[in-house]
Amino acid sequence: GENVEQHPSTLSVQEGDSAVIKCTYSDSASNYFPWYKQELGKGPQLIIDIRSNVGEKKDQRIAVTLNKTAKHFSLHITETQPEDSAVYFCAATSTGNQFYFGTGTSLTVIP
Amino acid sequence: DSGVTQTPKHLITATGQRVTLRCSPRSGDLSVYWYQQSLDQGLQFLIQYYNGEERAKGNILERFSAQQFPDLHSELNLSSLELGDSALYFCASSAVPLAGTNEQYFGPGTRLTVT
């Protein structure tokens with residue numbers, strides 16, 4: 001099955017700086033890569049996703065890049081704000097049914 | 001608010017007992033997914049139902065079962081509970097048909113504590 005690795009496990013940045021979280025996957029058939037944000041006591045919230053036919057996608061301060069050759073994808077958050085503090089999960093899937101999640105990155109934005 | 005609802009929010013029970021977790025998907029979504037989130041194992045896919053039928057199975061224990069009803073709500077049944085079953089249980093839904101990949105939207109979760 002698919003194996004998704006996520007780094008770093010914790011990340012602290014100053015408000016206004018950028019944050020980058022990286023994930024690698026093992027199954028070359030994976031074709032959909034969502035990113036979720038989970039705040040304390042809440043369920044994961046889809047924040048951005050990318051499909052294998054696209055190399056980059058942006059949504060305001062958030063962007064995701066995908067390198068299919070190297071089998072890795074990254075989440076970029078620019079101009080970080082305290083409300084960006086949360087746990088972020090990447091995931092990969094080839095079937096659309098079973099999502100394989102990374103182990104999460106706890107992001108802290110220091111005001 | 002994702003539109004996915006889960007009840008109860010918290011559940012405390014004893015080892016050996018049986019519990020039922022309930023999920024209502026977003027309006028119009030036919031697929032329901034169940035996940036277990038524990039501190040040491042992250043988010044683990046358990047099972048998927050599509051329009052009342054089991055579609056995919058992940059790391060679901062034999063003591064666990066699920067079903068999806070005609071009104072599309074789903075229930076996850078956990079029996080012979082063990083201390084290690086304590087976790088957050090999430091339901092997600094999507095509009096994905098038989099093929100293709102669509103976004104999954106998660107509910108707020110049920111926190112299960114087994115004592």
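Heavy atoms only: backbone and side chains are in, while hydrogens, waters and symmetry mates are out. All chains are named by letter (A, B, ...) in the order of the sequence lines, taking the proteins before the strands, and each is independently numbered beginning at 1.
- F33(A) and I47(A) fall within the same hydrophobic cluster, where Ile, Leu, Val, Met, Phe, Trp and Tyr residues are linked whenever their side-chain heavy atoms come under 4.5 Å apart, directly or through other members.
- Hydrophobic cluster membership differs between I60(B) and F45(B), with clusters built from Ile, Leu, Val, Met, Phe, Trp and Tyr side chains linked at under 4.5 angstrom.
- Considering only heavy-atom pairs separated by less than 4.5 Å from chain B, the leading option among G43(A), P44(A), G104(A) is P44(A).
- Taking the six-membered ring where the residue is Trp, F106(B) and Y36(A) present perpendicular rings, their angle passing 60° and hence far from 30°.
- Atoms CD and CG, from Q104(B) and L46(A) in turn, are 9.5 Å apart once rounded to the nearest 0.5 Å.
- When hydrophobic clusters are built by joining Ile, Leu, Val, Met, Phe, Trp and Tyr residues whose side-chain heavy atoms come closer than 4.5 Å, directly or via intermediates, L61(B) is grouped together with L11(B).
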- Item | Step-by-step side chain to side chain contact (heavy atoms under 4.5 Å, CB included) determination, Y32(A) to E103(B) | CA-CA 9 Å; Y32(A) 177 67; E103(B) 301 85 353; 3.4 Å; yes
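- Neither the backbone nor the side chain of Y100(A) comes within less than 4.5 Å of any heavy atom in chain B.
- Within 6.0 Å of CD on E83(A) lie more than 12 heavy atoms contributed by other residues, nucleotides or ligands.
- Within a 6.0 Å radius of CD in E79(A), other residues, nucleotides and ligands contribute 12 heavy atoms or fewer.
- Proximity of Y35(B) to F99(A): side-chain heavy atoms (C-beta onward) are separated by under 4.5 Å at one or more points.
- Of the two parts of Q6(B), neither the backbone nor the side chain holds a non-hydrogen atom closer than 4.5 Å to a non-hydrogen atom of chain A.
- Within 6.0 Å of the CZ atom in R111(B), the count of heavy atoms belonging to other residues, nucleotides or ligands does not exceed 12.
- For L40(A), the CG atom counts as loosely surrounded, since its 6.0 Å shell holds 12 or fewer non-hydrogen atoms of other residues, nucleotides or ligands.
- The shortest non-hydrogen separation linking Q98(A) to K57(B) is OE1-O, 3.9 Å.
- The part of Q38(A) that comes within reach of chain B is its side chain, from C-beta onward, which places non-hydrogen atoms under 4.5 angstrom from that chain.
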